[in-house]
Trainee: 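Just passing along the structure, written as C-alpha coordinates.
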2 protein chains.
Amino acid sequence: MLISLTEENYLKAIYSLSHLEADADVSTNQISDHLSIKAATVTDMLKRLAEKKLIHYIPYQGVKLSEKGKSTAIKVVRKHRLWEVFLVDKLQFKWDEVHEIAEQLEHINSDELIQRLDKFLGKPKFDPHGDPIPDANGQLNIVKAIPLNQHKTKGSFTFVGVAEHSKTFLQHLTSIGLKIGDAVKIEEINEFDNSFKVKINKTNSQFFSNKVASNILVEEKK
Amino acid sequence: MLISLTEENYLKAIYSLSHLEADADVSTNQISDHLSIKAATVTDMLKRLAEKKLIHYIPYQGVKLSEKGKSTAIKVVRKHRLWEVFLVDKLQFKWDEVHEIAEQLEHINSDELIQRLDKFLGKPKFDPHGDPIPDANGQLNIVKAIPLNQHKTKGSFTFVGVAEHSKTFLQHLTSIGLKIGDAVKIEEINEFDNSFKVKINKTNSQFFSNKVASNILVEEKK
DNA sequence: ACAGGTTTTTAGGTCAGCCTAAAAATTTGT
DNA sequence: ACAAATTTTTAGGCTGACCTAAAAACCTGT
(Lines give C-alpha, C1' and ligand atoms only; values in the text may rest on other atoms or scores of the structure.)
Protein backbone atom coordinates (compact mmCIF):
# COMPACT_ATOMS: atom_id res chain seq x y z
CA MET A 1 0.00 0.00 0.00
CA LEU A 2 1.36 3.41 -0.89
CA ILE A 3 1.21 6.33 1.45
CA SER A 4 1.28 9.81 -0.05
CA LEU A 5 3.57 12.58 1.08
CA THR A 6 0.55 14.38 2.54
CA GLU A 7 -0.57 11.32 4.45
CA GLU A 8 2.95 10.90 5.83
CA ASN A 9 2.80 14.45 7.12
CA TYR A 10 -0.49 13.81 8.91
CA LEU A 11 0.90 10.64 10.49
CA LYS A 12 4.00 12.48 11.61
CA ALA A 13 1.86 15.25 13.11
CA ILE A 14 -0.30 12.76 15.00
CA TYR A 15 2.81 10.96 16.19
CA SER A 16 4.45 14.04 17.63
CA LEU A 17 1.21 15.44 19.09
CA SER A 18 0.48 12.14 20.82
CA HIS A 19 3.71 12.52 22.79
CA LEU A 20 2.76 15.86 24.29
CA GLU A 21 0.59 14.19 26.93
CA ALA A 22 1.06 10.54 27.66
CA ASP A 23 -1.10 8.45 25.36
CA ALA A 24 -3.95 10.95 25.04
CA ASP A 25 -5.96 10.85 21.83
CA VAL A 26 -5.07 13.60 19.39
CA SER A 27 -7.88 16.00 18.47
CA THR A 28 -8.85 17.30 15.04
CA ASN A 29 -8.11 20.87 16.09
CA GLN A 30 -4.65 19.98 17.36
CA ILE A 31 -3.78 18.53 13.97
CA SER A 32 -5.41 21.46 12.24
CA ASP A 33 -3.30 23.95 14.21
CA HIS A 34 -0.10 21.97 13.92
CA LEU A 35 -0.30 21.61 10.15
CA SER A 36 -2.07 24.94 9.48
CA ILE A 37 -4.79 23.09 7.62
CA LYS A 38 -8.49 23.74 8.25
CA ALA A 39 -10.28 21.35 10.61
CA ALA A 40 -12.78 20.29 7.97
CA THR A 41 -9.93 19.16 5.73
CA VAL A 42 -8.38 17.27 8.62
CA THR A 43 -11.63 15.38 9.18
CA ASP A 44 -11.62 14.33 5.51
CA MET A 45 -8.09 13.04 5.81
CA LEU A 46 -8.74 11.23 9.09
CA LYS A 47 -11.49 9.25 7.40
CA ARG A 48 -9.11 8.25 4.64
CA LEU A 49 -6.33 7.30 7.05
CA ALA A 50 -8.82 5.24 9.07
CA GLU A 51 -9.93 3.40 5.91
CA LYS A 52 -6.29 2.58 5.25
CA LYS A 53 -5.99 1.27 8.84
CA LEU A 54 -3.25 3.75 9.64
CA ILE A 55 -5.14 5.26 12.55
CA HIS A 56 -7.94 4.43 14.98
CA TYR A 57 -10.52 7.15 14.56
CA ILE A 58 -13.73 7.68 16.49
CA PRO A 59 -15.71 10.73 15.30
CA TYR A 60 -15.80 13.53 17.88
CA GLN A 61 -13.35 11.61 20.08
CA GLY A 62 -10.00 11.94 18.42
CA VAL A 63 -7.41 9.77 16.87
CA LYS A 64 -4.62 7.37 17.72
CA LEU A 65 -2.01 5.77 15.45
CA SER A 66 -2.40 2.08 14.60
CA GLU A 67 0.71 -0.10 14.69
CA LYS A 68 1.07 0.39 10.95
CA GLY A 69 0.58 4.13 11.26
CA LYS A 70 3.06 4.36 14.08
CA SER A 71 5.80 2.47 12.28
CA THR A 72 5.25 4.64 9.21
CA ALA A 73 5.53 7.82 11.28
CA ILE A 74 8.66 6.57 13.02
CA LYS A 75 10.27 5.77 9.67
CA VAL A 76 9.66 9.33 8.54
CA VAL A 77 11.14 10.68 11.78
CA ARG A 78 14.15 8.39 11.34
CA LYS A 79 14.70 9.67 7.83
CA HIS A 80 14.27 13.30 8.88
CA ARG A 81 16.84 13.04 11.65
CA LEU A 82 19.36 11.05 9.61
CA TRP A 83 19.20 13.65 6.84
CA GLU A 84 19.72 16.40 9.43
CA VAL A 85 22.89 14.66 10.56
CA PHE A 86 24.01 14.46 6.94
CA LEU A 87 23.35 18.14 6.35
CA VAL A 88 25.23 19.24 9.46
CA ASP A 89 28.07 16.70 9.61
CA LYS A 90 28.81 16.33 5.91
CA LEU A 91 27.60 19.55 4.29
CA GLN A 92 28.45 21.86 7.20
CA PHE A 93 25.02 23.40 7.55
CA LYS A 94 24.24 25.13 10.84
CA TRP A 95 21.78 23.37 13.16
CA ASP A 96 19.21 26.11 12.60
CA GLU A 97 19.31 25.75 8.81
CA VAL A 98 18.46 22.10 8.28
CA HIS A 99 14.83 21.67 9.25
CA GLU A 100 13.14 22.81 6.04
CA ILE A 101 15.45 20.78 3.81
CA ALA A 102 15.02 17.68 5.98
CA GLU A 103 11.24 18.16 5.72
CA GLN A 104 11.65 17.51 2.02
CA LEU A 105 14.25 14.77 2.22
CA GLU A 106 12.27 12.78 4.80
CA HIS A 107 9.81 11.75 2.08
CA ILE A 108 12.37 10.15 -0.23
CA ASN A 109 11.34 6.55 -0.52
CA SER A 110 14.11 3.92 -0.52
CA ASP A 111 14.90 1.54 2.30
CA GLU A 112 18.27 0.78 0.75
CA LEU A 113 19.10 4.48 0.67
CA ILE A 114 18.34 4.98 4.35
CA GLN A 115 20.26 1.90 5.37
CA ARG A 116 23.32 3.10 3.45
CA LEU A 117 22.97 6.69 4.63
CA ASP A 118 22.80 5.47 8.23
CA LYS A 119 26.00 3.47 7.76
CA PHE A 120 27.72 6.36 5.92
CA LEU A 121 26.96 8.67 8.86
CA GLY A 122 28.27 6.12 11.38
CA LYS A 123 24.88 5.00 12.67
CA PRO A 124 24.30 8.13 14.72
CA LYS A 125 22.02 7.89 17.77
CA PHE A 126 21.06 11.58 17.93
CA ASP A 127 20.39 14.36 15.45
CA PRO A 128 22.03 17.81 15.62
CA HIS A 129 19.37 19.04 18.07
CA GLY A 130 19.87 16.12 20.42
CA ASP A 131 16.72 14.27 19.34
CA PRO A 132 17.10 10.49 19.30
CA ILE A 133 17.16 8.73 15.91
CA PRO A 134 14.97 5.60 15.81
CA ASP A 135 16.91 2.54 14.69
CA ALA A 136 15.96 0.47 11.63
CA ASN A 137 13.37 -1.40 13.74
CA GLY A 138 11.81 1.80 15.03
CA GLN A 139 13.35 1.53 18.49
CA LEU A 140 14.11 4.85 20.12
CA ASN A 141 16.79 5.48 22.72
CA ILE A 142 15.07 6.38 25.93
CA VAL A 143 16.19 9.85 26.80
CA LYS A 144 15.78 11.01 30.36
CA ALA A 145 16.55 14.64 29.61
CA ILE A 146 14.67 17.24 31.65
CA PRO A 147 14.14 20.95 30.93
CA LEU A 148 16.63 23.06 32.81
CA ASN A 149 13.90 25.11 34.47
CA GLN A 150 12.51 22.05 36.25
CA HIS A 151 15.61 21.90 38.38
CA LYS A 152 15.01 23.81 41.57
CA THR A 153 18.48 23.61 43.07
CA LYS A 154 22.02 24.41 42.05
CA GLY A 155 23.87 21.62 40.29
CA SER A 156 25.94 20.51 37.31
CA PHE A 157 24.37 19.20 34.13
CA THR A 158 25.07 18.35 30.50
CA PHE A 159 23.15 20.06 27.70
CA VAL A 160 21.75 17.20 25.61
CA GLY A 161 18.93 18.69 23.51
CA VAL A 162 16.34 21.35 22.81
CA ALA A 163 12.57 21.23 23.29
CA GLU A 164 12.00 24.02 20.76
CA HIS A 165 13.40 23.89 17.23
CA SER A 166 12.70 27.35 15.84
CA LYS A 167 15.43 29.15 13.96
CA THR A 168 15.39 32.08 16.33
CA PHE A 169 15.77 29.97 19.46
CA LEU A 170 18.58 27.89 17.96
CA GLN A 171 20.37 31.02 16.77
CA HIS A 172 19.99 32.49 20.23
CA LEU A 173 21.76 29.48 21.76
CA THR A 174 24.47 29.71 19.14
CA SER A 175 25.07 33.38 19.89
CA ILE A 176 25.27 32.59 23.61
CA GLY A 177 27.82 29.93 22.75
CA LEU A 178 25.84 26.91 23.96
CA LYS A 179 26.29 23.67 22.03
CA ILE A 180 25.06 20.11 22.54
CA GLY A 181 27.30 18.34 25.04
CA ASP A 182 28.35 21.49 26.90
CA ALA A 183 28.51 21.51 30.68
CA VAL A 184 25.85 23.70 32.30
CA LYS A 185 26.14 24.63 35.97
CA ILE A 186 23.25 26.36 37.73
CA GLU A 187 24.81 29.02 39.93
CA GLU A 188 21.69 30.87 40.98
CA ILE A 189 17.94 30.64 40.59
CA ASN A 190 16.10 33.94 40.82
CA GLU A 191 12.98 33.23 42.83
CA PHE A 192 11.14 36.30 41.59
CA ASP A 193 10.96 35.39 37.88
CA ASN A 194 12.51 31.93 37.90
CA SER A 195 15.36 32.99 35.70
CA PHE A 196 18.66 31.16 35.89
CA LYS A 197 22.23 32.26 36.23
CA VAL A 198 24.41 29.52 34.75
CA LYS A 199 27.99 28.90 33.80
CA ILE A 200 28.71 27.13 30.51
CA ASN A 201 31.86 25.00 30.32
CA LYS A 202 33.21 26.60 33.50
CA THR A 203 34.00 29.92 31.83
CA ASN A 204 30.98 31.44 30.14
CA SER A 205 28.46 33.06 32.50
CA GLN A 206 24.94 33.58 31.19
CA PHE A 207 21.41 34.45 32.33
CA PHE A 208 18.50 32.36 31.01
CA SER A 209 14.91 33.50 31.25
CA ASN A 210 12.54 30.81 32.46
CA LYS A 211 11.24 30.45 28.91
CA VAL A 212 14.70 29.84 27.51
CA ALA A 213 15.49 27.45 30.37
CA SER A 214 12.31 25.51 29.69
CA ASN A 215 13.58 24.65 26.21
CA ILE A 216 17.04 23.58 27.24
CA LEU A 217 17.12 19.85 28.01
CA VAL A 218 19.79 18.62 30.40
CA GLU A 219 20.93 15.44 32.08
CA GLU A 220 22.60 15.05 35.46
CA LYS A 221 26.32 15.29 34.94
CA LYS A 222 27.98 11.90 35.23
CA MET B 1 6.86 31.48 -9.30
CA LEU B 2 6.68 27.93 -8.05
CA ILE B 3 6.99 24.98 -10.37
CA SER B 4 5.43 21.71 -9.26
CA LEU B 5 7.20 18.37 -9.27
CA THR B 6 4.97 17.30 -12.15
CA GLU B 7 5.77 20.41 -14.14
CA GLU B 8 9.47 19.83 -13.56
CA ASN B 9 9.11 16.34 -14.99
CA TYR B 10 7.44 17.65 -18.12
CA LEU B 11 10.17 20.26 -18.59
CA LYS B 12 12.86 17.63 -18.14
CA ALA B 13 11.14 15.36 -20.67
CA ILE B 14 10.91 18.18 -23.22
CA TYR B 15 14.52 19.07 -22.58
CA SER B 16 15.84 15.59 -23.20
CA LEU B 17 13.53 14.93 -26.17
CA SER B 18 14.60 18.18 -27.81
CA HIS B 19 18.16 16.87 -27.96
CA LEU B 20 17.30 13.77 -29.95
CA GLU B 21 17.22 15.70 -33.19
CA ALA B 22 18.91 19.06 -33.36
CA ASP B 23 16.47 21.80 -32.33
CA ALA B 24 13.32 20.10 -33.63
CA ASP B 25 10.08 20.91 -31.86
CA VAL B 26 8.93 18.21 -29.48
CA SER B 27 5.54 16.64 -30.22
CA THR B 28 2.70 15.88 -27.84
CA ASN B 29 2.96 12.16 -28.56
CA GLN B 30 6.68 12.08 -27.88
CA ILE B 31 6.09 13.52 -24.43
CA SER B 32 3.13 11.21 -23.93
CA ASP B 33 5.25 8.14 -24.74
CA HIS B 34 8.26 9.30 -22.77
CA LEU B 35 6.29 9.95 -19.58
CA SER B 36 3.66 7.24 -20.09
CA ILE B 37 0.92 9.83 -19.74
CA LYS B 38 -2.00 10.05 -22.17
CA ALA B 39 -1.72 12.63 -24.96
CA ALA B 40 -4.85 14.46 -23.86
CA THR B 41 -3.32 15.04 -20.45
CA VAL B 42 -0.12 16.26 -22.05
CA THR B 43 -2.05 18.84 -24.06
CA ASP B 44 -3.62 20.13 -20.83
CA MET B 45 -0.24 20.48 -19.22
CA LEU B 46 1.33 22.15 -22.26
CA LYS B 47 -1.31 24.86 -22.05
CA ARG B 48 -0.47 25.45 -18.41
CA LEU B 49 3.28 25.50 -19.05
CA ALA B 50 2.74 27.96 -21.89
CA GLU B 51 0.70 30.24 -19.61
CA LYS B 52 3.60 30.20 -17.16
CA LYS B 53 5.94 31.12 -20.04
CA LEU B 54 8.01 28.01 -19.50
CA ILE B 55 7.52 26.78 -23.07
CA HIS B 56 6.62 28.08 -26.52
CA TYR B 57 3.60 26.12 -27.62
CA ILE B 58 1.77 26.25 -30.94
CA PRO B 59 -1.25 23.88 -31.10
CA TYR B 60 -0.72 21.00 -33.52
CA GLN B 61 2.89 22.09 -34.10
CA GLY B 62 4.76 21.09 -31.00
CA VAL B 63 6.67 22.67 -28.23
CA LYS B 64 10.02 24.25 -27.40
CA LEU B 65 11.44 25.32 -24.03
CA SER B 66 11.62 29.05 -23.26
CA GLU B 67 14.79 30.38 -21.64
CA LYS B 68 13.10 30.08 -18.26
CA GLY B 69 11.91 26.56 -19.02
CA LYS B 70 15.33 25.52 -20.23
CA SER B 71 17.16 26.79 -17.18
CA THR B 72 14.64 25.07 -14.94
CA ALA B 73 15.12 21.78 -16.78
CA ILE B 74 18.89 22.08 -16.64
CA LYS B 75 18.76 22.69 -12.90
CA VAL B 76 16.80 19.48 -12.46
CA VAL B 77 19.30 17.58 -14.60
CA ARG B 78 22.16 19.08 -12.58
CA LYS B 79 20.55 17.95 -9.34
CA HIS B 80 19.80 14.48 -10.70
CA ARG B 81 23.38 13.91 -11.79
CA LEU B 82 24.95 15.33 -8.63
CA TRP B 83 22.78 13.06 -6.50
CA GLU B 84 23.83 10.10 -8.66
CA VAL B 85 27.46 10.91 -7.92
CA PHE B 86 26.62 11.08 -4.23
CA LEU B 87 24.87 7.72 -4.31
CA VAL B 88 27.72 5.98 -6.12
CA ASP B 89 30.77 7.73 -4.67
CA LYS B 90 29.61 8.16 -1.07
CA LEU B 91 27.00 5.47 -0.51
CA GLN B 92 28.60 2.81 -2.74
CA PHE B 93 25.54 2.16 -4.85
CA LYS B 94 26.14 0.43 -8.22
CA TRP B 95 25.70 2.59 -11.33
CA ASP B 96 22.61 0.60 -12.32
CA GLU B 97 20.86 1.21 -8.97
CA VAL B 98 20.81 4.97 -8.70
CA HIS B 99 18.40 6.22 -11.32
CA GLU B 100 15.09 5.77 -9.47
CA ILE B 101 16.39 7.30 -6.26
CA ALA B 102 17.88 10.26 -8.13
CA GLU B 103 14.50 10.75 -9.83
CA GLN B 104 13.14 11.53 -6.38
CA LEU B 105 16.08 13.52 -5.07
CA GLU B 106 16.24 15.76 -8.14
CA HIS B 107 13.09 17.55 -6.96
CA ILE B 108 14.44 18.64 -3.58
CA ASN B 109 14.34 22.38 -3.60
CA SER B 110 17.28 24.23 -2.04
CA ASP B 111 19.95 26.15 -3.92
CA GLU B 112 22.14 26.15 -0.84
CA LEU B 113 21.88 22.36 -0.59
CA ILE B 114 22.97 21.84 -4.18
CA GLN B 115 25.82 24.25 -3.90
CA ARG B 116 27.11 22.47 -0.81
CA LEU B 117 26.52 19.00 -2.23
CA ASP B 118 28.49 19.98 -5.34
CA LYS B 119 31.40 21.15 -3.20
CA PHE B 120 31.20 18.05 -0.96
CA LEU B 121 31.46 15.82 -4.02
CA GLY B 122 34.44 17.77 -5.37
CA LYS B 123 32.54 19.63 -8.11
CA PRO B 124 32.33 16.59 -10.38
CA LYS B 125 32.04 17.17 -14.13
CA PHE B 126 30.40 13.83 -15.00
CA ASP B 127 27.91 11.49 -13.39
CA PRO B 128 28.50 7.73 -12.93
CA HIS B 129 27.23 7.02 -16.47
CA GLY B 130 29.55 9.57 -18.06
CA ASP B 131 26.86 12.19 -18.56
CA PRO B 132 28.07 15.76 -18.10
CA ILE B 133 26.85 17.69 -15.03
CA PRO B 134 25.76 21.26 -15.83
CA ASP B 135 27.56 23.83 -13.67
CA ALA B 136 25.75 26.27 -11.39
CA ASN B 137 25.13 28.57 -14.38
CA GLY B 138 23.70 25.76 -16.48
CA GLN B 139 26.77 25.42 -18.67
CA LEU B 140 27.40 21.88 -19.93
CA ASN B 141 30.76 20.43 -20.86
CA ILE B 142 30.73 19.77 -24.54
CA VAL B 143 31.25 16.08 -24.94
CA LYS B 144 32.42 14.81 -28.29
CA ALA B 145 31.79 11.16 -27.51
CA ILE B 146 30.65 8.96 -30.39
CA PRO B 147 28.93 5.57 -30.30
CA LEU B 148 31.44 2.78 -30.79
CA ASN B 149 29.50 1.35 -33.74
CA GLN B 150 29.99 4.53 -35.78
CA HIS B 151 33.67 3.76 -36.03
CA LYS B 152 34.33 1.84 -39.22
CA THR B 153 38.00 1.08 -38.74
CA LYS B 154 40.21 -0.49 -36.12
CA GLY B 155 41.55 1.87 -33.50
CA SER B 156 42.03 2.63 -29.82
CA PHE B 157 39.46 4.51 -27.77
CA THR B 158 38.41 5.40 -24.24
CA PHE B 159 34.98 4.42 -22.92
CA VAL B 160 33.47 7.67 -21.63
CA GLY B 161 29.72 7.07 -21.35
CA VAL B 162 26.56 5.19 -22.24
CA ALA B 163 23.71 6.19 -24.54
CA GLU B 164 21.29 3.82 -22.84
CA HIS B 165 20.68 3.84 -19.08
CA SER B 166 18.55 0.76 -18.48
CA LYS B 167 19.43 -1.51 -15.60
CA THR B 168 19.85 -4.52 -17.87
CA PHE B 169 22.27 -2.77 -20.21
CA LEU B 170 24.35 -1.34 -17.37
CA GLN B 171 24.45 -4.73 -15.65
CA HIS B 172 25.54 -6.30 -18.94
CA LEU B 173 28.49 -3.95 -19.16
CA THR B 174 29.38 -4.66 -15.54
CA SER B 175 29.35 -8.40 -16.12
CA ILE B 176 31.58 -7.94 -19.17
CA GLY B 177 33.92 -5.92 -16.98
CA LEU B 178 33.63 -2.61 -18.80
CA LYS B 179 33.82 0.55 -16.69
CA ILE B 180 33.94 4.26 -17.52
CA GLY B 181 37.50 5.23 -18.40
CA ASP B 182 38.52 1.81 -19.71
CA ALA B 183 40.59 1.48 -22.89
CA VAL B 184 38.64 -0.09 -25.75
CA LYS B 185 40.49 -1.31 -28.83
CA ILE B 186 38.57 -2.38 -31.92
CA GLU B 187 40.31 -5.49 -33.21
CA GLU B 188 37.81 -6.59 -35.82
CA ILE B 189 34.54 -5.40 -37.35
CA ASN B 190 32.33 -8.17 -38.71
CA GLU B 191 30.94 -6.83 -41.99
CA PHE B 192 28.03 -9.26 -42.04
CA ASP B 193 26.25 -8.08 -38.85
CA ASN B 194 28.40 -5.11 -37.87
CA SER B 195 29.38 -6.72 -34.61
CA PHE B 196 32.66 -5.78 -33.00
CA LYS B 197 35.53 -7.76 -31.56
CA VAL B 198 37.23 -5.54 -28.99
CA LYS B 199 39.88 -5.74 -26.32
CA ILE B 200 39.27 -3.98 -23.00
CA ASN B 201 42.31 -2.68 -21.11
CA LYS B 202 44.63 -4.78 -23.28
CA THR B 203 43.62 -8.06 -21.67
CA ASN B 204 39.89 -8.68 -21.83
CA SER B 205 38.59 -9.80 -25.26
CA GLN B 206 34.90 -9.33 -25.93
CA PHE B 207 32.34 -9.39 -28.77
CA PHE B 208 29.78 -6.57 -28.96
CA SER B 209 26.65 -6.79 -31.06
CA ASN B 210 25.96 -3.68 -33.10
CA LYS B 211 23.19 -2.78 -30.69
CA VAL B 212 25.49 -2.93 -27.69
CA ALA B 213 28.18 -1.03 -29.57
CA SER B 214 25.67 1.69 -30.46
CA ASN B 215 25.17 2.44 -26.78
CA ILE B 216 28.84 2.56 -25.85
CA LEU B 217 30.19 6.09 -26.20
CA VAL B 218 33.91 6.46 -26.83
CA GLU B 219 36.49 9.15 -27.49
CA GLU B 220 39.67 8.86 -29.53
CA LYS B 221 42.43 7.75 -27.23
CA LYS B 222 44.79 10.58 -26.40
C1' DA C 1 -30.86 20.38 32.84
C1' DC C 2 -30.26 23.33 29.52
C1' DA C 3 -28.31 27.74 27.15
C1' DG C 4 -24.20 29.20 25.19
C1' DG C 5 -19.83 28.32 23.51
C1' DT C 6 -16.62 25.27 21.38
C1' DT C 7 -15.32 21.47 18.56
C1' DT C 8 -16.13 18.51 14.92
C1' DT C 9 -18.42 16.98 10.99
C1' DT C 10 -21.16 17.50 6.74
C1' DA C 11 -22.14 19.64 2.41
C1' DG C 12 -20.68 21.68 -1.46
C1' DG C 13 -16.92 24.05 -4.11
C1' DT C 14 -12.01 24.63 -6.34
C1' DC C 15 -7.76 23.20 -8.54
C1' DA C 16 -4.04 20.02 -10.24
C1' DG C 17 -3.27 16.13 -12.62
C1' DC C 18 -4.79 12.24 -14.41
C1' DC C 19 -8.37 9.48 -17.53
C1' DT C 20 -11.65 8.00 -21.91
C1' DA C 21 -14.24 9.07 -25.94
C1' DA C 22 -15.06 11.84 -29.66
C1' DA C 23 -14.05 15.69 -32.70
C1' DA C 24 -10.82 18.37 -35.33
C1' DA C 25 -6.53 19.13 -37.63
C1' DT C 26 -2.69 17.40 -40.01
C1' DT C 27 -0.09 14.11 -42.73
C1' DT C 28 0.34 10.31 -45.97
C1' DG C 29 -0.35 7.31 -49.86
C1' DT C 30 -1.94 6.51 -54.28
C1' DA D 1 -6.14 15.78 -54.76
C1' DC D 2 -8.47 13.62 -51.67
C1' DA D 3 -9.58 9.42 -48.69
C1' DA D 4 -7.51 7.11 -45.00
C1' DA D 5 -4.58 7.06 -41.21
C1' DT D 6 -2.46 9.47 -37.63
C1' DT D 7 -1.89 13.09 -34.38
C1' DT D 8 -3.67 16.44 -31.47
C1' DT D 9 -7.18 18.78 -29.15
C1' DT D 10 -11.73 19.29 -26.87
C1' DA D 11 -15.23 17.77 -23.73
C1' DG D 12 -16.49 15.69 -19.75
C1' DG D 13 -15.26 12.76 -15.60
C1' DC D 14 -12.56 11.23 -11.52
C1' DT D 15 -9.58 11.61 -7.28
C1' DG D 16 -6.67 13.87 -3.72
C1' DA D 17 -6.09 17.69 -1.09
C1' DC D 18 -7.45 21.85 -0.04
C1' DC D 19 -11.32 25.59 1.10
C1' DT D 20 -15.88 28.08 3.34
C1' DA D 21 -20.31 27.93 5.45
C1' DA D 22 -23.55 25.65 8.02
C1' DA D 23 -25.18 21.88 10.83
C1' DA D 24 -24.49 18.62 14.46
C1' DA D 25 -22.35 16.95 18.56
C1' DC D 26 -20.16 17.78 22.68
C1' DC D 27 -18.84 20.39 26.86
C1' DT D 28 -19.50 23.82 30.62
C1' DG D 29 -21.42 26.71 34.09
C1' DT D 30 -25.12 27.98 36.71
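Only a predicted model underlies this, so the values are computations on that prediction, with no experimental measurement involved. Note that these values count all heavy atoms, side chains included, but never hydrogens, waters or copies made by symmetry. Chain letters run A, B, ... following the sequence lines, proteins first and then strands; every chain starts at 1.
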Trainee: Would you mind reading off the distance between A:Asp33 atom CG and C:dT7 atom C1', rounded to a whole angstrom?
Mentor: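 Going from CG in A:Asp33 over to C1' in C:dT7 covers 11 Å.
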
Trainee: Check every strand shown and say whether B:Thr43 touches a base, only sugar-phosphate, or nothing at a heavy-atom separation below 4.0 Å.
Mentor: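 Base contact.
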
Trainee: Look at the rings of A:Phe157 and A:His151 and say which category their plane angle falls in: under 30° parallel, 30 to 60° tilted, over 60° perpendicular.
Mentor: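 Answer is tilted, since the angle falls between 30° and 60°.
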
Trainee: Using atom CG of B:Asp25 as one end and atom C1' of D:dT7 as the other, report the distance to the nearest whole Å.
Mentor: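 Result: 15 Å.
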
Trainee: Under a 4.0 Å N-O cut-off, is there an ion pair linking A:Glu103 with A:Lys12?
Mentor: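 Between A:Lys12 and A:Glu103 there is a salt bridge, with a charged N closer than 4.0 Å to a carboxylate O.
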
Trainee: Is any side-chain nitrogen or oxygen of A:Asn29 closer than 4.0 Å to OP1 or OP2 of C:dT8?
Mentor: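 Yes, within the criterion.
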
Trainee: If I take atom CG in residue A:Asp44 and atom P in nucleotide C:dT9, what distance separates them, rounded to the nearest angstrom?
Mentor: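 After rounding, the reported distance stands at 10 Å.
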
Trainee: Please report the distance, rounded to the nearest Å, between CE in A:Met45 and P in C:dT9.
Mentor: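 Distance, rounded to whole Å: 14 Å.
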
Trainee: So do the side chains of A:Leu117 and A:Trp83 get within less than 4.5 Å of each other, counting heavy atoms only?
Mentor: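 They are in contact (side-chain heavy atoms under 4.5 Å apart), so the answer is yes.
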
Trainee: What's the CG-C1' distance between A:Leu49 and D:dC18, to the nearest Å?
Mentor: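 The answer, rounded to whole Å, is 15 Å.
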
Trainee: Under 4.0 Å between any heavy atoms, over every strand shown, what does B:Thr28 touch: base, sugar-phosphate, or nothing? Just pick one.
Mentor: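 The residue B:Thr28 makes sugar-phosphate contact but no base contact.
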
Trainee: Under 4.0 Å between a side-chain N/O of B:Tyr10 and OP1 or OP2 of C:dC18, yes or no?
Mentor: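 Indeed, a polar side-chain atom of B:Tyr10 lies that close.
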
Trainee: Does D:dT9 have OP1 or OP2 sitting under 4.0 Å from an N or O in the side chain of B:Tyr57?
Mentor: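 It does, given that an N or O in the side chain of B:Tyr57 lies less than 4.0 Å from OP1 or OP2 of D:dT9.
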
Trainee: Side-chain N or O of A:Lys47 less than 4.0 angstrom from OP1 or OP2 on C:dT10?
Mentor: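 For A:Lys47, the contact criterion (side-chain N or O under 4.0 Å from OP1 or OP2 of C:dT10) is met.
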
Trainee: Distance check needed: D:dT9 P versus B:Leu46 CG, whole Å only.
Mentor: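 Result: 7 Å.
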
Trainee: Quick one, A:His34 and A:Ser16 - any side-chain contact, counting heavy atoms below 4.5 Å?
Mentor: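 Answer yes - side chains close enough.
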
Trainee: What nucleotide among C:dT10, C:dC18, D:dC18 has an atom nearest to a side-chain atom of B:Ile37?
Mentor: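 Among C:dT10, C:dC18, D:dC18, the one nearest the side chain of B:Ile37 is C:dC18.
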
Trainee: What contact category does B:Thr6 fall into here, base, sugar-phosphate, or nothing, at under 4.0 angstrom with non-hydrogen atoms?
Mentor: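 The residue B:Thr6 makes sugar-phosphate contact but no base contact.
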
Trainee: Over 60° means perpendicular and under 30° means parallel, so classify the ring planes of B:His99 and B:His80, tilted if in between.
Mentor: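 It falls in the tilted class, 30° to 60°.
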
Trainee: Nearest whole Å is fine: how far is C:dT26 P from B:Ile58 CD1?
Mentor: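 It is 12 Å, rounded to the nearest whole Å.
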
Trainee: Counting side-chain heavy atoms from CB outward, which of C:dT9, C:dC18, D:dT20 is closest to A:Lys38?
Mentor: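 When the side chain of A:Lys38 is considered, D:dT20 is the closest of C:dT9, C:dC18, D:dT20.
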
Trainee: Measure the distance from CD1 on A:Ile31 to P on C:dT8 and round it to the nearest whole Å.
Mentor: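 From A:Ile31 CD1 to C:dT8 P: 9 Å.
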
Trainee: Closest approach to the side chain of A:Ala40, judged atom by atom: which nucleotide of D:dC18, D:dC26, D:dA21 is it?
Mentor: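 Nucleotide nearest to A:Ala40's side chain: D:dA21.
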
Trainee: Return whichever of A:Pro59 or A:Ser36 has its heavy-atom-nearest nucleotide of DNA chain D closer to the 5' end.
Mentor: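 Per heavy-atom nearest nucleotide, the more 5' residue is A:Ser36.
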
